[in-house]
Amino acid sequence: MPELPEVETVARYLREMVIGKRVVGVEILDERFAELEERHELVGRRVEQVGRRGKYLSLVLDDGWVLQIHLMMAGRLLVRPEGWEEDRFLRLLMRVEDGLELRFCDMRRFGRVGLMDAAEYRAFGRRLGPEPLSGGFTAVRLRQVMKGRKTALKSALLNQKLIAGIGNIYADEALWRGRLHPLRTAGGLSAGEAQRLHRGIRKALREGLAAGGTTFSQYRNAEGGAGEYQRELRVFQRTGEKCFRCRGVIERIVVGGRSTHFCPRCQPESDESARSDRSGRSR
DNA sequence: CAATCAACCTGGGTGC
DNA sequence: TGCACCCAGGTTGATT
């Protein structure tokens, strides 16, 4: 669940609450994060910006160092007043000025927290694909990053080096919107299909963001609240239910080890829609 | 380099 | 109620 819309929702609240505030204390409650203390001193630093790149959150400090957090599947980053109730999954606590606590909680202990300097942060950014909601991400660019890829379209959408921020939910939702079968070859999209997928990606992500993200079980925003987008999902976890577009029956298959939901009727494996795209455009 | 898959952890749900 | 087993939103390192 923490995919782009969920992580961005968290980032927006953090921007409201902690920018400009100084770190006054840090408590590490998970030995996996023990090396943070040796790497760089956080106490005394001011939070200058809160960034998001793909599914990564970053707190940019006033000395150029960056505290980076990945929620993975079950992580939460909560802003709470000092002395808020106990949380058995609390892994890292950062106190900031004005009596606030930034709590990183993670039931499954998959999440990651790291410290990097400015150069490392730039290098990290270069390893990820384009931001799908940015102006530079066009249908042409999408087709470019997919070019030559033999893997399934669904798998390619999950590859963060190709596009940053899409996860299992929004990949399925984007493919449904683009009327593309998840097992289509990533490199085999026509220009028209790439256009459809591009729109599908942006639409799914924007709607998800507008709804405050998707909550199935673990995801919470930085205020501790659930998202609402699970109510609007078109295919994800709707196996056996009717397609809202064509009344076909939603199927579940496994692609690259990930559960994948689609409508076999309006997301055909064969490529008739590509042909009609082309004929529709020919002049 | 590209593609695939097991591994990382823990809790919740299901079926017996 | 107890227990074995399966499943889960992501990333990455090993392997082919």
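Note that these values count all heavy atoms, side chains included, but never hydrogens, waters or copies made by symmetry. Numbered from 1 within each chain, the chains take letters A, B, ... in sequence-line order.
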Taking the minimum atom-to-atom distance to the side chain of A:His70, which one of B:dG11, C:dT11, B:dC9 wins? C:dT11
List in numerical order all residues of residues 150-165 of chain A for which some heavy atom is under 4.0 Å away from an atom belonging to DNA chain B. A:Lys150, A:Thr151
A:Arg238 has an atom CZ; how far is it from atom P of C:dG9, in whole Å? 17 Å
Phosphate OP1/OP2 of C:dG10 contacted by A:Arg258 side-chain N/O (<4.0 Å): yes
Which part of the nucleic acid, if any, lies within reach of A:Arg127 when heavy atoms closer than 4.0 Å are counted: base, sugar-phosphate only, or nothing? nothing
OP1 or OP2 of B:dC8 less than 4.0 angstrom from a side-chain nitrogen or oxygen of A:Arg109, does that happen here? no
Donor-acceptor pair present, A:Arg108 side chain and B:dC9 base, under 3.5 Å: yes
Using whole Å, what does the distance between atom C1' of nucleotide B:dC9 and atom CZ of A:Phe33 come to? 12 Å
Paired with B:dC9: which nucleotide, if any, by Watson-Crick or G-U wobble criteria at under 3.5 Å for both distances? none
Less than 6.0 angstrom separating the ring centers of A:His198 and A:Phe137, yes or no? yes
Any sub-3.5 Å donor-acceptor pair from A:Asp172's side-chain atoms to A:His261's backbone N or O? yes
Pairwise P distance, B:dC9 and C:dA14 [rounded to whole Å]: 15 Å
Mind checking A:Gly257 for me? I need base, sugar-phosphate or nothing, with any heavy atom below 4.0 Å counting as a touch. nothing
A:Gln218 side-chain proximity, nearest of B:dA2, C:dG9, B:dG11: C:dG9
Using a 4.0 Å heavy-atom cut-off, does A:Tyr229 contact any base of the nucleic acid, only the sugar-phosphate backbone, or nothing at all? nothing
Residues A:Pro182 and A:Gln267: closest non-hydrogen pair is CD-NE2, 4.2 Å
Would A:Phe236 and A:Tyr170 count as a close aromatic pair, with their ring centres under 6.0 Å? no
Which part of the nucleic acid does A:Arg252 contact within heavy-atom distance under 4.0 Å: base, sugar-phosphate only, or nothing? sugar-phosphate
Would A:His40 and A:Asp63 satisfy side-chain hydrogen bond (donor to acceptor under 3.5 Å, both in side chains), going step by step from the backbone distance to the final call? CA-CA 11 Å; A:His40 188 65; A:Asp63 59 358; 2.6 Å; yes
Donor-acceptor check, side chain of A:Arg52 to backbone of A:Leu57, threshold 3.5 angstrom: yes or no? no
Can you identify which nucleotide, out of C:dG10, B:dG11, C:dT12, has its nearest atom closest to the A:Asn168 side chain? C:dG10
Taking C:dT11, C:dG9, B:dG11 as options, the one with an atom nearest any side-chain atom of A:Ser217 is C:dG9
Closer than 4.0 Å, any side-chain N/O of A:Ser259 to the OP1 or OP2 of C:dA8? yes
